[in-house]
Amino acid sequence: MHYARTGLDLTPQTRQTPAFSKVFAMHAYRTHTCGQLRKEHVGQTVRLSGWVNRRRDHGGLIFIDLRDHYGITQCVIEPDAAAFPACDKVRSEWVITLTGKVVERFAEAVNKDLPTGEVEMRIESIAVQSEAPELPLPVFGDLDYPEETRLKYRFLDLRRERLHRNIVLRSKIIQSLRQRMFAQGFTEYQTPILTASSPEGARDFLVPSRRYPGHFYALPQAPQQFKQLIMVAGFDRYFQIAPCFRDEDGRADRSPGEFYQLDMEMSFVTQQDVFDAIQPVLLGCFEEFAEGRKVYQEVPHITYEDAALLYGTDKPDLRNPITICDVSAVFARDDVAFKAFKGKTVRAIPAPGAASQPRSFFDKLNDWARSEGAAGLGYIQLESDGGKIVGKGPIAKFLSDEAMAALVAQAGVQAGDAVFFSADAKTDRAAKIAGLARTRIGTELKLIEENVFKFCWIVDMPMYEWNEDEKRIDFGHNPFSLPQYDTAAFMNLKADSSLNQDDREKILGIKVFQYDIVCNGYEMLSGAVRNRDPEVMLKAFELAGHGRDFTEAKFGGMLNAFRHGAPPHGGCAVGLERVVMLLAGEENIREVTMFPMNQQGQDLLMNAPTEVLPKQLRELHIRVVQPEKG
RNA sequence: GGGGGCGUAGCUCAGUUGGUUAGAGUGUCGGCCUGUCACGCCGAAGGUCGCGGGUUCGAGCCCCGUCGCUCCCGCCA
């Protein structure tokens, strides 16, 4: 009996006619999903549709594991059944519809790993919906496959359990975030995708205008200006799951081209109000999907400056217990004869319990530091000698007993520990290498706390930073943030060619009400209380080397809005893929993105980017100039 | 733009000092098998060793170039 095909031809009305048998009244494709059948269904005739996950041929007996979005059901057929020859032909990943009776399995044949494992279907008929050739990427099993293959056959990769699970998790997380935002009184609004190019920040994706030759739209790097305009427009508490576009190269935790943010903004708020609004949303979401992993509820506030010193980075991983300290003063002492560190910033990275590590441990770290461009990574091993702590290792002999005692006290180390040193004439270099070493040492010594999420706020970001290449002042982070500075004094700052060292230090020292949330070393969120005073904003850009005309031309819309009644406002944006990545336990953002591009910004499935027809270019007044090949 | 790693069967990989006909697992195809769930057993087919050039009597292996992927640096207000 092959009635599956017959079922296809029945109109819904016919199928409901009582005169038809129960079998003919069945849905054309399925009465249940592949994850649904249990003991209670035993005796029922059911219809399932899905992909052949695996077929096991015992000659006289064929097992077909049928898989759909919901699960896997084992189906079995014996040789005397009419559908046997057809079942014998099916292969992995064919799409089939099976009809048959649900039976209970023998006690020995129960599969405890399968929710449907107490029952199976005795196949009575089969309808082949779609065949598949030998697979370029097996769906069954959990082997790793090359990225190129996975991206080209993304539709197959997405059928695999891990990726399928991650994408569903992503959807659930978005739903959770949305509900939590609504619960906090936020409202979701959309902002344009085709907008204007903005001079600051990353490279824009440009969209040529057909009607205005030589003019371009840009895809938004973030809805930054729009959300501020929404506040000026009198809507309070905006949020959006917003697509953002930046023409930048990829990283493991950063998609090239496009990504999503949970973007939010609120009016009449201080920095603390923003924290109070978003922190429970984020932590609540982590708690909801933690699956037994611990979510630390205390979220310390760490200043940007402290983070640079203690962790050597603005995104510290607090699961690592090591903290860095500055020991420049110890090596500057007259009773310390180590010339290589004199006059430099020296940061100490304690390595708890590492004194007994073999020589190779220290050599390996030193080699690694050199590969990072450091001069090396000096170290001292600390041992106990009759109750007194003494130093061992190449550098130790240059330190007097008193200097050693000072070092031990400052770094908070004890006998049995080692301490590494990162030294550089440039403080930020010394700090950065120390930060990398901290991570490396923590990992090598297995000090990183596992199965936990540890958050911190990074606050008081610097408004500006020194651009060494162009010898000028640049915006450090976001140009729209509110300076933590007396307004009158700010308006009197000078940043022209007469800029002297004092003025420069003063300007580079300005902090803003800008903040990040970092979790396990990943930047999860970034935001600020905004600057809404047009004159202060013009001045802020002036200090970064942009004249009033430039700022008016590029941000005229927003400046104008600020001249017509702008409420105090602030907000932030959460990196959605990073949240999903951490909760899914993945280390690559492609594992939580349905159709990602490769690191070079190509979509290997859809073949983007692609050349277009000459006609299309003509309409857009565009001529392609190929780069010269060297 | 720069650096590291990788590129061998449909897929995952091995391949010694440069030396016979380039192997394994898996998948595919054929045969056997009535309780498997990574089923098992027997057999077969399947290769431009990324591509191009060079050294050599002889290159998957050495050299030069090139392409692709990946990780990192730059970049990411």
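Just the heavy atoms: all of them, side chains too, but no hydrogens, waters or symmetry mates, feed the values below. Please read these numbers as outputs of a predicted model, since none were measured by experiment. Note on naming: letters A, B, ... go to the chains in the order of the sequence lines (proteins, then strands), and numbering restarts at 1 for each one.
Atom name C1', nucleotides B:U26 and B:G40: the rounded distance is 15 Å, in whole Å. Distance check on atom P: B:G68 versus B:G52 gives 16 Å, rounded to whole Å. One P atom belongs to B:G65, the other to B:G2, and the distance between them is 13 Å to the nearest Å. A distance of about 26 Å separates the C1' atoms of B:G35 and B:C29, rounded to the whole Å.
Base pairing of B:A44 is made with B:U28, judged by Watson-Crick or G-U wobble geometry with both donor-acceptor distances under 3.5 Å.
By the 6.0 Å and 45° rule, A:R504 stacks over the aromatic ring of A:W466.
Using modelled atom types, one side-chain atom of A:D68 and one backbone atom of A:Y70 make a donor-acceptor pair closer than 3.5 Å. Side-chain N or O atoms of A:R347 include none that pairs as donor or acceptor with a backbone N or O of A:G435 at under 3.5 Å. Looking only at distances, no side-chain donor or acceptor of A:K432 sits under 3.5 Å from a matching main-chain atom of A:T313. No side-chain donor-acceptor contact under 3.5 Å links A:R154 to the backbone of A:F595. Side-chain N or O atoms of A:D460 include none that pairs as donor or acceptor with a backbone N or O of A:K511 at under 3.5 Å.
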Legend entry - Contact state string [nucleotides 65-74 of chain B, B base, S sugar-phosphate only, - no protein heavy atom under 4.0 Å]: ---SSSBBBB
Inset, instruction - Quick one, give me the B/S/- string for nucleotides 33-43 of chain B, reading 5' to 3', where B means a protein heavy atom under 4.0 Å from the base and S means that only happens at the primed atoms, P, OP1 or OP2. - result: BBBBBSB----
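Aromatic pair A:Y515/A:F275: centroids less than 6.0 angstrom apart.
With A:F480 as the partner, the ring-ring contact (aromatic ring centres under 6.0 Å, His included) test is satisfied by one option alone out of A:F513, A:F555, A:F562, A:F475: A:F555.
Atom CZ of A:R370 is separated from atom P of B:G4 by 17 Å (rounded to the nearest Å).
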